[in-house]
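Since the structure comes first, as structure tokens, the remarks are kept for the end.
Labels below follow one simple rule: chain letters A, B, ... track the order of the sequence lines, proteins then strands, and each chain is numbered from 1. The shown structure was predicted, so the numbers you read here are calculated from the model rather than taken from an experiment.
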Amino acid sequence: MPFIPHTDDDIRAMLACIGADSVEELFDEIPAEVRCGELNLPVALNEMAVTRLMEERAAQDGRWLNFSGAGAYEHHIPAAVWQLVTRGELYTAYTPYQAEASQGTLQILYEFQSMMAALTGMAVSNATLYDGASALAEAVLMAVRAHKSAKRILVPATVHPVWQEVTRTIVGAQDIELVTLPYCTEGGHSVAEALAHYEGQEFAALVIPQPNFFGVLEEVDLLTDWAHSQGIRVIAVVNPVSLGLLKPPGRWGAKGADIVVGEGQPLGAPLSSGGPYFGFMTCRQELARQMPGRIVGRTLDLDGKPGFTLTLQAREQHIRRGKATSNICTNQGLLASAATLYMALLGPQGLAKVARACHANTRALLEQVTAIPGVVRLHSEPYFHEAVIALDVPAQEVLRALRAQGIVGGVDVSRWYPELGDAILVCATETRTPEDIQRYAEHLGRIVGRRNQGPACTKLKPSAASKW
Amino acid sequence: MPFIPHTDDDIRAMLACIGADSVEELFDEIPAEVRCGELNLPVALNEMAVTRLMEERAAQDGRWLNFSGAGAYEHHIPAAVWQLVTRGELYTAYTPYQAEASQGTLQILYEFQSMMAALTGMAVSNATLYDGASALAEAVLMAVRAHKSAKRILVPATVHPVWQEVTRTIVGAQDIELVTLPYCTEGGHSVAEALAHYEGQEFAALVIPQPNFFGVLEEVDLLTDWAHSQGIRVIAVVNPVSLGLLKPPGRWGAKGADIVVGEGQPLGAPLSSGGPYFGFMTCRQELARQMPGRIVGRTLDLDGKPGFTLTLQAREQHIRRGKATSNICTNQGLLASAATLYMALLGPQGLAKVARACHANTRALLEQVTAIPGVVRLHSEPYFHEAVIALDVPAQEVLRALRAQGIVGGVDVSRWYPELGDAILVCATETRTPEDIQRYAEHLGRIVGRRNQGPACTKLKPSAASKW
Amino acid sequence: MLIFDLSQPGRGNPALAPAAPPPADDIPAAYLRETPPGWPEVSEMDAVRHYTRLSQKNFSIDTHFYPLGSCTMKYNPRVANVLAMQREFLARHPLAPEETGQGVLACLYELQEMLKEITGMSGVALSPMAGAQGEFAGVAMIRAYHRARGDEGRNEIIVPDAAHGTNPATAAMCGYRVREIPTDGNGDIDLDALRAAVGPQTAGLMLTNPSTLGVFEKTIRAIQQIAHDAGALTYYDGANLNAILGRVRPGDMGFDVIHVNLHKTFATPHGGGGPGAGPVGVSERLLPYLPLPLIACENANYRLLDERDRPHSIGRLSANLGNVGVLLRAYVYMRMVGKEGMKRVADIATLNANYLMAELKAAGFAAAYPARRASHEFIISIKELKERTGVSAMDVAKRLLDYGFHAPTTYFPMLVPECLLIEPTETETRQTLDSFVAAMQAIRAEAESDPALVKGAPYTLPVRRLDDVKAAREPDLAWRGA
Amino acid sequence: MLIFDLSQPGRGNPALAPAAPPPADDIPAAYLRETPPGWPEVSEMDAVRHYTRLSQKNFSIDTHFYPLGSCTMKYNPRVANVLAMQREFLARHPLAPEETGQGVLACLYELQEMLKEITGMSGVALSPMAGAQGEFAGVAMIRAYHRARGDEGRNEIIVPDAAHGTNPATAAMCGYRVREIPTDGNGDIDLDALRAAVGPQTAGLMLTNPSTLGVFEKTIRAIQQIAHDAGALTYYDGANLNAILGRVRPGDMGFDVIHVNLHKTFATPHGGGGPGAGPVGVSERLLPYLPLPLIACENANYRLLDERDRPHSIGRLSANLGNVGVLLRAYVYMRMVGKEGMKRVADIATLNANYLMAELKAAGFAAAYPARRASHEFIISIKELKERTGVSAMDVAKRLLDYGFHAPTTYFPMLVPECLLIEPTETETRQTLDSFVAAMQAIRAEAESDPALVKGAPYTLPVRRLDDVKAAREPDLAWRGA
Ligand SMILES: Cc1ncc(COP(=O)(O)O)c(C=O)c1O
Ligand SMILES: Cc1ncc(COP(=O)(O)O)c(C=O)c1O
């Protein structure tokens with residue numbers, strides 16, 4: 001059997017020590033009536049055969065030129081990152097319960113927390129949640145816990161729609177109400193007019209995505225200050241790579257955001273059909289004990305030498321059980337290690353360059369595609385590294401035609417925003433070359449093939465005061 | 001600049017310490033007249049760009065179904081091998097000159113030597129030479145050194161022809177004569193009739209390949225005993241994987257071979273267009289101090305604890321300079337580590353299974369292809385895992401047609417053995433499935449397409465007593 | 001030495017970033033960052049060196065015996081890593097259409113089906129990203145089920161006192177009150193207490209089996225019956241599935257939900273705390289509520305099912321498919337273990353645990369449930385030693401590190417005083433277990449002769465024992481500059 | 001603990017080998033092995049654990065500063081490993097036709113061309129598998145050249161006494177007598193001695209520049225002239241090319257042959273002793289003799305040249321193309337360094353060496369050639385300290401290990417007593433160099449106050465100082481059973 005080292009002699013000798021006649025006997029406490037018959041599974045493959053199978057499966061999926069973002073972004077990951085992260089000592093350890101035997105993982109997580117705090121401009125960070133979407137849900141729960149009375153959260157319609165779904169799934173059971181803040185369909189952002197409607201109402205938090213799902217930049221200072229003026233906490237949802245260029249949530253408005261969450265994938269995690277990624281969360285100092293998830297602290301050992309350990313564990317399920325800040329236990333630790341390496345290798349200047357290149361490439365892409373008759377950018381507000389383009393032909397057909405050219409051409413957003421019509425969210429990160437961009441534009445031009453002006457939309461969507 | 005950590009401040013401060021005004025000044029001892037102008041090289045690519053380039057180059061080479069052997073064999077390499085061998089501590093260390101700081105590499109090499117000695121049935125092993133071909137050359141030099149008077153070596157025509165060339169290149173400068181021993185074209189092996197011719201002549205060694213270049217098994221006991229009866233040492237040239245099945249050179253004839261060399265590639269090195277591979281060499285105890293290359297020994301430390309160190313260095317160029325046993329310095333250490341892991345993971349039973357599967361697959365291949373009219377196996381003697389098949393159509397055309405089906409169909413041997421006519425050396429290792437073999441046979445059948453009986457050959461080739 | 005200590009302003013790795021992108025001069029200044037984040041500025045080599053050396057400070061399966069109970073620290077096959085990290089798999093965008101992912105989806109679909117077969121459930125969803133999220137999905141489905149039937153009064157979940165902390169925490173997250181029920185002296189659930197606890201307010205019962213006490217719940221049928229009779233659904237915490245592979249299927253026993261931890265039973269690496277994967281399986285009646293996406297095979301074509309296909313789903317737990325890379329590793333493992341191997345895994349995991357328990361008992365250690373068979377793990381209690389010598393379970397754990405063994409789980413389950421929960425797994429040799437026993441004996445001898453020695457452990461690790469209290473009282477959670 | 005100590009008869013990893021191949025019953029028994037080789041029988045996990053832990057016992061660039069003179073232990077970019085190990089590259093058979101290898105051949109061809117440009121030579125062959133094999137190829141070409149001209153009397157090669165051992169060893173292997181010439185007090189070759197040595201018997205001169213003494217041969221033109229005037233060819237040992245990249249080209253200086261060590265100058269890993277690669281470059285007149293194969297580009301098609309194309313070639317040095325995987329790594333490195341970076345490499349390598357020399361001098365250490373600029377490396381001599389305290393260069397080297405630094409090269413070149421040859425390379429930071437200086441100072445202080453301490457070093461490594469004499473006198477070269 002693979003991975004089992006026992007020889008027949010071993011088994012015989014061990015049974016003798018136990019005083020059992022057979023391995024079967026070791027299961028004698030299992031009631032006969034619950035035992036099962038033989039499993040109907042495929043027969044075992046040896047390593048050679050499984051390698052061949054998996055190589056064929058990978059080859060089947062092929063290689064594509066990607067222009068999709070929508071929450072998961074293709075970035076160049078320095079080769080050193082995964083070469084190091086898959087070292088056995090990091091890859092095959094578990095949660096550092098025995099701190100002294102886990103200083104590697106612990107120090108890396110401490111450095112991770114430090115870098116994430118610096119990136120977002122906040123005081124403290126935890127050591128990952130599952131992903132960005134579930135991190136938003138955790139932030140909502142945290143804001144409600146911290147607020148004590150309000151169980152309502154104001155969520156812009158421009159927050160990633162799947163993240164909204166995930167949040168609803170996760171917080172739904174606790175009678176928390178998520179109220180949708182409509183957005184301006186022309187600008188593509190959340191606006192003061194929409195906020196006015198909620199003036200004076202009690203909310204535990206306002207969520208502010210930056211950039212938002214459409215790639216558009218929100219007026220974060222205005223939104224933050226409005227929320228704080230209403231006694232509402234601010235949950236920032238940010239793309240970490242964008243923070244190489246954009247103002248960190250800690251600096252939003254007069255007082256800065258209160259909780260910051262996001263999808264960590266852009267920091268060193270490959271796209272991988274969706275995972276593993278990691279959610280990050282940072283917050284103000286005073287909210288630290290409300291945080292979900294593992295937190296690493298620096299302390300001293302018996303000899304007065306610095307070292308690292310899991311801390312503030314009284315928040316966690318293994319201590320506080322039913323009263324824990326979250327049920328999370330296993331998190332996405334290895335991805336935090338990858339992110340730490342990514343951040344350390346790029347450094348602040350490297351990140352700024354990546355962010356600028358992403359923006360510049362998307363800008364170049366938009367310039368070229370909007371020169372095509374019938375293709376327009378849908379929104380007017382500034383963007384970071386993705387944008388919605390409207391087409392006068394069916395989006396699905398266009399995407400299919402691009403695919404025939406080896407191009408994954410963006411994400412059809414009509415499923416979540418039917419009001420946008422035929423519209424795709426496109427993204428060109430630093431990984432796209434000028435030739436890639438030109439190739440995209442040429443094919444799109446050929447496919448679209450005729451001219452059209454999409455009608456400008458002048459309504460808030462969804463209509464004000466809508467809820468899920 | 002990539003990989004250079006110096007900031008401008010660093011450089012300034014360092015120059016100040018040196019007392020130089022500029023980096024330029026540090027080169028002031030270089031005569032002006034030898035300085036060069038700007039290099040005409042491509043501009044630097046960043047990691048992302050070079051990654052894209054190299055991924056495209058790899059994709060360009062594609063994936064092929066391989067039936068070629070001829071000295072380099074496709075085997076399944078357990079994934080753990082290269083995952084471990086590329087760990088920085090092994091990958092980026094150098095020759096273990098500081099033994100105490102290199103116990104990892106040293107112990108692995110000691111284990112390597114132990115396993116190679118056990119595999120070949122010899123007393124001692126070195127810690128690699130460059131490749132199998134140059135190892136044969138080193139064995140020839142060693143045999144001449146050990147013999148003292150004879151400078152002639154008897155080399156069967158069935159030794160890998162390129163290895164013969166390499167050996168000639170390397171030993172040629174030292175007035176060593178390589179005398180070709182003709183082979184039986186029907187059996188495909190070296191025979192007593194041919195040996196008779198050399199009875200009573202002085203040779204430093206007889207080389208015995210097992211299996212030989214044609215995949216054929218030589219009568220090693222007979223050849224070994226003949227050589228020893230003539231006072232000639234035996235240099236065995238073996239495929240290490242074959243030794244999972246075949247008699248180790250230490251057991252050949254009454255006394256066993258004296259020196260054993262071979263290409264280590266089958267033990268864990270990927271095909272890689274030819275390298276890096278490694279040459280191995282083992283020998284009798286009494287020849288140890290005649291060996292070329294690094295050797296690791298076990299010894300004790302100051303506290304009496306066992307440890308490992310390079311030893312018998314008085315043989316080597318860094319001590320003995322012009323009188324060293326070889327000029328080799330940097331060897332193929334990492335490949336020895338990979339081989340050690342390969343051997344430890346497979347174990348004796350695993351190796352036996354690999355060897356048996358190779359044989360069985362080649363047997364199945366031969367059964368299927370020789371059922372095709374016009375395709376025959378050229379030799380009658382037993383084989384290990386490759387064999388020459390004769391075709392009645394041009395070999396190059398057949399190989400080209402197979403290529404059009406994604407198959408690398410074997411090696412055209414007419415370049416080295418024109419007497420064989422249209423003949424290709426085919427090999428099916430354990431990596432070939434029954435479907436692969438069937439696919440090969442079907443395509444070959446379609447390509448050859450008509451019937452022919454190749455005339456049996458009854459002459460020794462090259463004619464007896466030929467020399468290079 | 002922190003990575004920050006290696007930093008020098010202006011240093012960096014230009015080759016790792018785009019050369020000189022144009023400024024983002026079309027974005028108004030108000031949106032822009034003024035000062036770069038306080039990240040370290042180090043060379044690639046210094047980063048590689050720093051993190052390589054840090055990694056060496058860890059214990060891990062690849063370096064040490066790691067008998068951490070409840071965590072199933074078995075060998076993580078290297079081949080699974082290699083195959084899951086093929087370029088095509090890594091580069092695929094999660095929202096790329098299904099036609100670009102038939103290879104990966106085929107693996108996931110087959111994984112889904114294999115898990116159904118192994119657990120005996122009617123449907124499986126792969127998306128939960130860890131056991132706790134699988135639990136969440138499971139309890140949320142229980143809730144959805146009762147709601148759909150208009151059975152709104154059920155607001156309690158029953159959890160044995162020995163349960164893992166995630167069980168009560170999950171129940172609470174799903175809006176339930178948690179009712180604990182005690183365990184009897186034999187390690188079984190107290191059936192009378194259970195009977196007394198159930199009622200029309202009971203939404204579900206969460207059971208771990210073999211329990212966290214390392215024993216098989218002998219009355220599992222009765223427990224199941226009592227819960228079902230009360231109209232409650234039954235949840236099977238499958239974190240300990242390794243013990244029963246191929247012998248018992250929770251679905252056959254009538255359970256309604258199960259989560260399994262791929263990072264335990266199916267050998268995916270633990271990554272220093274994750275990522276894992278916690279697929280959830282359900283009985284027929286919960287099928288409509290499974291979280292999304294699910295993977296369907298239609299005419300040899302793989303497709304993701306969404307809200308349009310499954311309108312009653314509890315929804316989504318992640319933005320995408322879950323931890324696909326982890327799922328692929330589990331898939332590779334399961335294909336290699338295959339039909340023949342599954343039961344063997346449980347057999348040898350159980351053999352190793354019973355052998356180690358027998359040897360430790362013979363060496364004078366007190367098993368918490370000496371009359372019971374160990375499942376794949378078991379508990380010993382250091383209580384008696386502590387009373388005599390002052391050496392606690394924690395001290396023994398720390399001293400084990402000096403002997404080159406990762407410690408077992410300590411102080412969990414909380415039920416057994418001074419406990420060590422020991423799970424050797426099937427991938428360890430008898431020789432390793434014997435050397436562990438020898439270390440335990442040596443430590444006991446030290447405790448008798450020189451308790452201070454043990455209480456001062458560890459001595460041979462990168463740090464001596466760390467001050468947890470200080471860490472919590474004066475939290476230093478981020479580097480704030482030199 | 002040896003891997004053999006973990007072995008248990010009958011253990012193994014069935015999943016790593018074919019399941020149950022049929023017996024080879026068509027092969028006569030006389031050919032077959034009777035007993036399996038005495039290899040260890042261990043589980044995959046135990047092997048992984050054993051070798052992971054062994055690896056941790058090494059110093060390496062990825063873990064330690066490694067200023068091993070003459071070896072150019074610079075950072076080995078991880079990306080080169082990743083890209084060279086792509087599946088398509090690894091799987092290609094060496095005898096597969098060129099059409100299946102246009103990608104890899106394009107890289108090799110461009111590498112060949114870049115090396116021509118950097119060295120200023122007319123042709124380059126990539127096949128030599130290490131520096132010493134490059135030397136062999138070079139000297140063999142010199143021999144072929146003289147022979148082709150009927151100039152048979154040339155049977156001597158001149159080698160400076162400071163030369164690396166491979167130079168005289170290579171000359172001998174090529175059938176030449178070796179004539180050593182001395183170095184003067186400034187580290188330059190003694191020109192008078194050279195003039196006296198050359199003659200009609202001189203086939204060639206092998207020169208390392210910058211020399212192994214760490215200085216640039218100031219009279220290199222004259223040396224060259226003297227040799228050429230005598231009808232000898234000149235060989236440039238390019239192992240120290242790192243010092244002169246983009247500043248000086250051996251070809252421009254009139255050298256006839258050069259070998260370069262890709263595993264030094266071009267950042268390919270040293271692998272614990274190899275593999276490396278030692279391409280050889282030649283001047284116009286040696287072109288016909290280059291070893292095979294060479295890579296040609298014909299109509300944008302890459303092709304291997306063989307004996308039919310190059311009938312005068314000295315022949316082949318390896319069965320195939322040489323160490324292709326190493327060549328690919330060097331190619332990636334060179335493309336990343338590019339036109340702009342080559343000179344910078346030499347600049348900073350030189351800066352680091354001169355800085356470290358200046359700091360060590362300031363700390364009281366004696367430079368062997370204090371009046372000279374260091375090239376990319378330099379020598380300090382511990383002679384004076386040894387005379388006073390008995391602490392030798394070897395002792396200092398061993399003590400450095402305790403301080404977390406790999407030792408410099410010791411006792412080479414043999415010319416300088418108690419020498420340490422120190423080569424920091426350009427990839428080390430000033431901070432690292434400073435901490436090395438601090439360690440050297442500390443060791444000196446220890447030598448003054450407690451020489452026995454230094455002589456007993458190392459203390460903190462997996463073993464104390466090893467008995468080399470015993471190793472050589474009673475060789476234990478292979479495990480022979482428990
Ligand atoms: C019994 C039990 N249940 C649930 C869990 C939670 O699983 P996870 O850590 O993957 O969230 C664990 C893991 O620690 C466990 O041991
Ligand atoms: C100056 C010099 N020449 C030649 C060599 C030989 O190179 P290699 O070890 O690659 O054979 C070396 C390497 O040690 C060297 O330093």
ask   = Who wins among D:Val178, D:Ile118, D:Thr63 for the most heavy-atom pairs under 4.5 Å with chain B?
value = D:Ile118
message = Below 4.5 Å, heavy-atom pairs only: which of B:Gly307, B:Pro31, B:Ala72 has the largest tally toward chain D?
response = B:Ala72
Heavy atoms from other residues, nucleotides or ligands near CZ of B:Arg356 exceed 12 (cutoff 6.0 Å) = yes
task = With a 4.5 angstrom heavy-atom cut-off, could you sort out which part of D:Tyr31 is near chain B: side chain, backbone, both or neither?
result = both
Selection from D:Thr170, D:Asp252, D:Leu401, D:Leu351 maximising heavy-atom pairs under 4.5 Å formed with chain B = D:Leu351
Test item: side-chain donor near acceptor, B:Thr309 and D:Asp468, under 3.5 Å = yes
task = For residues D:Thr410 and B:Tyr97, determine if any side-chain heavy atom of one lies less than 4.5 Å from a side-chain heavy atom of the other.
result = no
ask   = Between B:Gly350, B:Ala13, B:Pro382, B:Ala344, which has the largest tally of heavy atom pairs under 4.5 Å with chain D?
value = B:Ala344
request  = Verify, without hydrogens or angle tests, whether B:Gln174 (side chain) and D:Met173 (backbone) share a donor-acceptor contact under 3.5 angstrom.
outcome  = yes
task = Give, as side chain, backbone, both or neither, the part of B:Arg363 having an atom under 4.5 angstrom from any heavy atom of chain D.
result = side chain
inquiry  = For a 4.5 angstrom cut-off between non-hydrogen side-chain atoms, does B:Thr340 reach D:Tyr51?
reply    = yes
message = Please rank B:Gln60, B:Arg298, B:Glu100 by heavy-atom pairs under 4.5 Å with chain D and give me the top one.
response = B:Glu100
query = Checking B:Ile295 against chain D: side chain, backbone, both or neither under 4.5 Å from a heavy atom?
reply = side chain
query = Does the B:Arg294 side chain pair with the main chain of B:Thr128, one donor and one acceptor, at a distance under 3.5 Å?
reply = no
request  = Show your working on side-chain contact (heavy atoms from CB on, under 4.5 Å) between B:Thr86 and D:Met85 and close with a plain yes or no.
outcome  = CA-CA 10 Å; B:Thr86 54; D:Met85 294 196 80; 4.0 Å; yes
note = When the 4.5 angstrom heavy-atom criterion is applied to B:Leu84 and chain D, the contacting part is side chain
query = Any idea which of D:Leu328, D:Ile348, D:Val42, D:Asn261 has the most non-hydrogen atom pairs under 4.5 angstrom with chain B?
reply = D:Ile348
Heavy-atom proximity to chain B below 4.5 Å, by part of D:Ala171 = neither
B:His318 side chain vs D:His164 backbone, donor-acceptor pair below 3.5 Å = no
remark   = The interface call for D:Arg87 against chain B, heavy-atom contacts under 4.5 Å, is side chain
remark   = Checked B:Glu55, B:Glu263, B:Glu33 vs chain D; the most non-hydrogen pairs under 4.5 Å come from B:Glu55
inquiry  = With a 4.5 angstrom heavy-atom cut-off, is it the side chain or the backbone of B:Ala352 that approaches chain D, or both, or neither?
reply    = neither
request  = Determine, for B:Arg87 against D:Asp62, whether the closest basic-nitrogen to carboxylate-oxygen distance falls under 4.0 angstrom.
outcome  = no
task = Go through D:Ala172, D:Gly175, D:Cys174, D:Pro275 and name the one with the most non-hydrogen pairs under 4.5 angstrom from chain B.
result = D:Pro275
key: Contact class of B:Leu141 relative to chain D, heavy atoms under 4.5 angstrom   = side chain
ask   = Which answer fits B:Thr311, side chain, backbone, both or neither, if we ask what part of it has an atom under 4.5 Å from a heavy atom of chain D?
value = side chain
message = I'd like to know if the side chain of D:Lys218 and the backbone of B:Glu29 have a donor-acceptor N/O pair within less than 3.5 Å.
response = no
message = Does any backbone or side-chain atom of B:Thr51 lie under 4.5 Å from a heavy atom of chain D? Answer side chain, backbone, both or neither.
response = both
query = Which region of D:Gln133, side chain (C-beta onward) or backbone (N, CA, C, O), has a non-hydrogen atom less than 4.5 Å from a non-hydrogen atom of chain B, or is it both or neither?
reply = both
ask   = Which answer fits D:Met336, side chain, backbone, both or neither, if we ask what part of it has an atom under 4.5 Å from a heavy atom of chain B?
value = both
ask   = Contact part of D:Tyr66 toward chain B, heavy-atom cut-off under 4.5 Å: side chain, backbone, both or neither?
value = side chain
inquiry  = Using heavy-atom distances under 4.5 Å, tell me whether D:Thr409 contacts chain B through its side chain, its backbone, both, or neither.
reply    = neither
key: Which of D:His270, D:His406, D:Arg33 touches chain B most, by non-hydrogen pairs under 4.5 Å   = D:Arg33
query = Should the pair D:Lys343-B:Glu38 be classified as a salt bridge under the 4.0 Å nitrogen-to-oxygen rule?
reply = no
query = Given that the side chain runs from C-beta out, which part of D:Met342 has a heavy atom under 4.5 Å from chain B: side chain, backbone, both or neither?
reply = side chain
Chain B interface, residue from D:Val345, D:Asn81, D:Val326, D:Val332 that has the most non-hydrogen pairs under 4.5 Å = D:Asn81
query = Ignoring hydrogens and geometry, is there a side-chain-to-backbone donor-acceptor pair from D:Arg247 to D:Asp347 under 3.5 Å?
reply = no
remark   = Applying a strict 4.5 Å limit to non-hydrogen atoms, the region of D:Pro291 in contact with chain B is neither
query = For B:Pro42, is it the side chain, the backbone, both, or neither that has a heavy atom closer than 4.5 Å to a heavy atom of chain D?
reply = both
ask   = Under 3.5 Å, side chain of B:Thr169 to main-chain N/O of D:Arg316, donor-acceptor pair present?
value = yes
remark   = Cut-off 4.5 Å, heavy atoms of chain D, and the answer for B:Val23 is side chain
ask   = Non-hydrogen atoms of chain B under 4.5 Å away: do they reach the side chain of D:Ala140, the backbone, both or neither?
value = neither
task = Please confirm whether the backbone N or O of D:Trp479 pairs with a side-chain atom of B:Tyr110, one donor and one acceptor, at under 3.5 Å?
result = yes
key: Side chain / backbone / both / neither for D:Ala267 at chain B, heavy atoms under 4.5 Å   = neither
ask   = Would you say D:Thr429's side chain and B:Pro5's backbone share a donor-acceptor pair under 3.5 angstrom?
value = no
ask   = Looking only at atom types and distance, does a side-chain atom of B:Gln317 sit under 3.5 Å from a main-chain N or O of D:Thr166, one as donor and one as acceptor?
value = yes
remark   = Heaviest contributor of heavy-atom pairs below 4.5 Å to chain D, chosen from B:Asn46, B:Ile319, B:Leu312, B:Ile328, is B:Leu312
Top contributor to chain D interface from B:Val354, B:Val408, B:Asp303, B:Leu53 [non-hydrogen pairs under 4.5 Å] = B:Asp303
query = Checking B:Glu89 side chain against D:Asn58 main chain: does a donor-acceptor pair fall under 3.5 Å?
reply = no
note = Smallest heavy-atom separation, B:Gln107 atom then D:Ile3 atom, equals NE2-N, 4.5 Å
ask   = What part of B:Ala127 lies closer than 4.5 angstrom to a heavy atom of chain D: side chain, backbone, both or neither?
value = neither
key: Exercise: identify the closest heavy-atom pair between B:His76 and B:Glu430   = N-OE2, 2.8 Å
remark   = Bottom line for B:Asn40: the part with an atom under 4.5 Å from chain D's heavy atoms is both
remark   = So, the part of B:Tyr277 with a heavy atom under 4.5 Å from chain D: the answer is both
